[in-house]
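Since the model is a prediction, treat every value here as computed from it, not as a measurement.
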Amino acid sequence: MGRLTVNNAGADRQVNIPDDAYQALLRLKHSGEPEQEVLRRAVDWFCTYSLITKDGALPDLKLSIPECKKASLVMRQMAMGGYKEETRVVTCRALFGDQDSESLQEAFDSFDREGDGVLSKEELRRALPLMGEDITDEKVDELFKIIDADKSDKIDFAEFCTLITSLNPKGGASIFESLQGLGTGLVETTGGLTGGLTSGFSELGSGVSCISAAYSAGLSDLGARELRKAGVILQNFKAAGYSEETAVATARGVLGEQTDESLKEAFKLFDANSSGYIDTEEMKKALPLMGEHIPDDKLTELYNICDKNGNGKIEFEEFASLVRKLNPKDAPGASQEAEQASSSWLQLPSWLGGGGGGGGGAEEEAKEELPAATPSADPPASSS
């Protein structure tokens, strides 16, 4: 058993915590933070999770740490805005649950104050803080233009869905396998501490930053979900020393057109030694550049899945199949490939921490050390 020190009515008390839950709490602790605050935050998240999943709803729901923070913030913001608990719960289920049309429609309706079936810029401005987003008026205008795909000066339901799935991509690793060990006993022991989370998301976070970067690079014809991942690709290519032209062409080929011609250009880029195939080392370098993060211990397994003919090489057709599965759309050949996909592909989302899998991992990956551009592929401009 682990032991936490908490302050109750001015007196320090030692609280026994199951080992797995104790280790989970330690991972949440910021440097120099009192254990009382760690416990307060954990209970806040646990209570939010319990509300979202009450009455047997979303039995398989898993929330990542950023999602826990954000869901708790949404609950508080909407409570302060006078929304009933039922509406707050439905909204959180829409934002962080399965993101199905029915739940998203209920959330949309709660923000559509005029009841006219669309969101005006002012309604979006009011809705964003309620959804846990902290964004300046200037950024609201920019975001509105990006999301308003048909330029109607209104956000319809389809565009709202695109916004939600872009701001809250699914697929992050859950912390609740450990935190659920805290259970009701912990809530009772701490006297039901449900203190607030003090840190929200500054600006709209790196998500809008990525969308804006892609939008500015002339990729505005992509959907909002693709724009977000395109921004990650642009950041990663820039960090690795590639030109913007190469980055934009690759992002468009991988996320937009997905034609054989555009994908062949990407394939040539990643085939650094021009061997006509991609080996494991080249694959390891290519995936982060494409906005994907596969743990090293899963890379060999993924490589073997892609290598359909078992010759130890990823040839163009296999590369194209991988790209289309990581970024599904109505691309040439995509439907047929989806039907032929083995059950092994179903494991991919749980491996991905990047733009395709969500959970906030893609933006973080952009900041990590990335493979340098190879001179034969696209030599970076010399520094002046």
Is any side-chain heavy atom of S110 closer than 4.5 Å to a side-chain heavy atom of T91? yes
Would you check, one step at a time, whether the test salt bridge (Lys or Arg N to Asp or Glu O under 4.0 Å) holds for E142 with K139? CA-CA 5 Å; E142 183 178 351; K139 289 290 185 181; 3.6 Å; yes
Just so I know, are the side chains of L289 and T250 near enough to count as touching, which here means a heavy-atom distance under 4.5 Å? no
Report yes if some heavy atom in the side chain of L302 is under 4.5 Å from a heavy atom in the side chain of L322; otherwise report no. yes
Could you tell me whether the side chain of D100 and the main chain of E102 form a donor-acceptor pair under 3.5 Å? yes
Atom pair CG (D44) and CE (M75), whose distance is rounded to the nearest 0.5 Å: 10.0 Å
Taking it one step at a time, do N236 and M290 satisfy side-chain contact (heavy atoms from CB on, under 4.5 Å)? CA-CA 8 Å; N236 290 355; M290 292 192 293; over 6 Å; no
Grab the two heavy atoms, one from Y303 and one from T280, that are nearest each other, plus how far apart they are. CE1-N, 3.6 Å
Checking D260 side chain against K264 main chain: does a donor-acceptor pair fall under 3.5 Å? no
Single-linkage hydrophobic cluster, 4.5 Å side-chain cutoff, M78 and L124 together: yes
Under 3.5 Å, side chain of E318 to main-chain N/O of E315, donor-acceptor pair present? yes
If we ignore hydrogens and angles and just use 3.5 Å, is the side chain of Q258 paired with the main-chain N or O of N327 as donor and acceptor? yes
Residue set satisfying side chain to side chain contact (heavy atoms under 4.5 Å, CB included) with S120, at least two apart, ordered chain then number -> E122, E123, K154
Donor-acceptor check, side chain of R126 to backbone of F111, threshold 3.5 angstrom: yes or no? no
Between the CD1 atom in I52 and the CG atom in L95, the distance rounded to the nearest 0.5 Å is 9.0 Å
Separation between CD (E292) and NZ (K229), nearest 0.5 Å, reads 3.0 Å
Same hydrophobic cluster for I164 and Y83, using side-chain heavy-atom links shorter than 4.5 Å among ILVMFWY? yes
Is it true that E33 and R41 make a salt bridge, defined as a side-chain N closer than 4.0 Å to a carboxylate O? yes
Surrounding NZ of K121 (heavy atoms of other residues, nucleotides or ligands, distance under 6.0 Å), is the total greater than 12? yes
Spatial distance of atom NZ (K268) from atom OG (S274) [nearest 0.5 Å]: 9.5 Å
Grab the two heavy atoms, one from A251 and one from A230, that are nearest each other, plus how far apart they are. CB-CB, 4.2 Å
Is there a side-chain contact between N168 and K70 in this structure, where contact means two heavy atoms from C-beta onward sitting under 4.5 Å apart? yes
At their closest point, which heavy atom of F270 faces which heavy atom of I278, and how far apart are they? CB-CD1, 4.0 Å
Stepwise side-chain contact (heavy atoms from CB on, under 4.5 Å) test for L73 and R76: CA-CA 5 Å; L73 181 60; R76 284 195 305 280; 3.8 Å; yes
Heavy-atom closest contact (L255 atom, I233 atom, distance): CD1-CD1, 3.9 Å
Looking at NZ of K62 and OH of Y49, how far apart are the two atoms once the value is rounded to the nearest 0.5 Å? 9.0 Å
Could you tell me whether the side chain of L287 reaches within less than 4.5 Å of the side chain of L299, counting heavy atoms only? yes
Are any non-hydrogen side-chain atoms of L234 and K238 less than 4.5 angstrom apart? no
After noting the C-alpha distance and the side-chain angles of R40 and E37, does the key distance pass the salt bridge (Lys or Arg N to Asp or Glu O under 4.0 Å) rule? CA-CA 5 Å; R40 183 188 300 273; E37 290 306 311; 3.6 Å; yes
Does atom NZ of K54 have more than 12 heavy-atom neighbours, drawn from other residues, nucleotides or ligands, at distances under 6.0 Å? yes
In this structure, CG of D109 is separated from OG1 of T87 (nearest 0.5 Å) by 10.5 Å
Return the orientation label for the F267 and F316 ring planes: parallel under 30°, perpendicular over 60°, tilted otherwise. perpendicular
For a 4.5 angstrom cut-off between non-hydrogen side-chain atoms, does F144 reach D153? yes
Has the side chain of E106 got a donor or acceptor atom that lies under 3.5 Å from a matching backbone atom of S103? no
Under the criterion side-chain contact (heavy atoms from CB on, under 4.5 Å), I'd like the reasoning laid out for L63 against W45: C-alpha separation, chi angles, the key distance, then a yes or no. CA-CA 10 Å; L63 295 179; W45 295 353; over 6 Å; no
Tightest non-hydrogen contact, residues I155 and E159, listed as CA-OE1, 3.4 Å
I want to check something: taking the side chain as every heavy atom from C-beta on, are R252 and S262 in contact at a cut-off of under 4.5 Å? no
Apply side-chain contact (heavy atoms from CB on, under 4.5 Å) to residues S152 and D148 and explain how you reach the verdict. CA-CA 7 Å; S152 64; D148 182 20; 3.4 Å; yes
For F157 versus S101, what's the shortest heavy-atom pair and its separation? CZ-O, 3.6 Å
Cluster question for you: counting only ILVMFWY and a side-chain heavy-atom cut-off of under 4.5 Å, with indirect links fine, are F160 and V118 together? no
Do you reckon Y277 sits in the same ILVMFWY cluster as V323, going by side-chain contacts under 4.5 Å, direct or chained? no
Without swapping roles, check the side chain of S321 against the backbone of E317 for a donor-acceptor pair under 3.5 Å. no
Tested for side chain to side chain contact (heavy atoms under 4.5 Å, CB included) against L143, the lone hit among D141, V140, I147 is I147
Any chain of hydrophobic side-chain contacts (each under 4.5 Å) joining L58 to V90? no
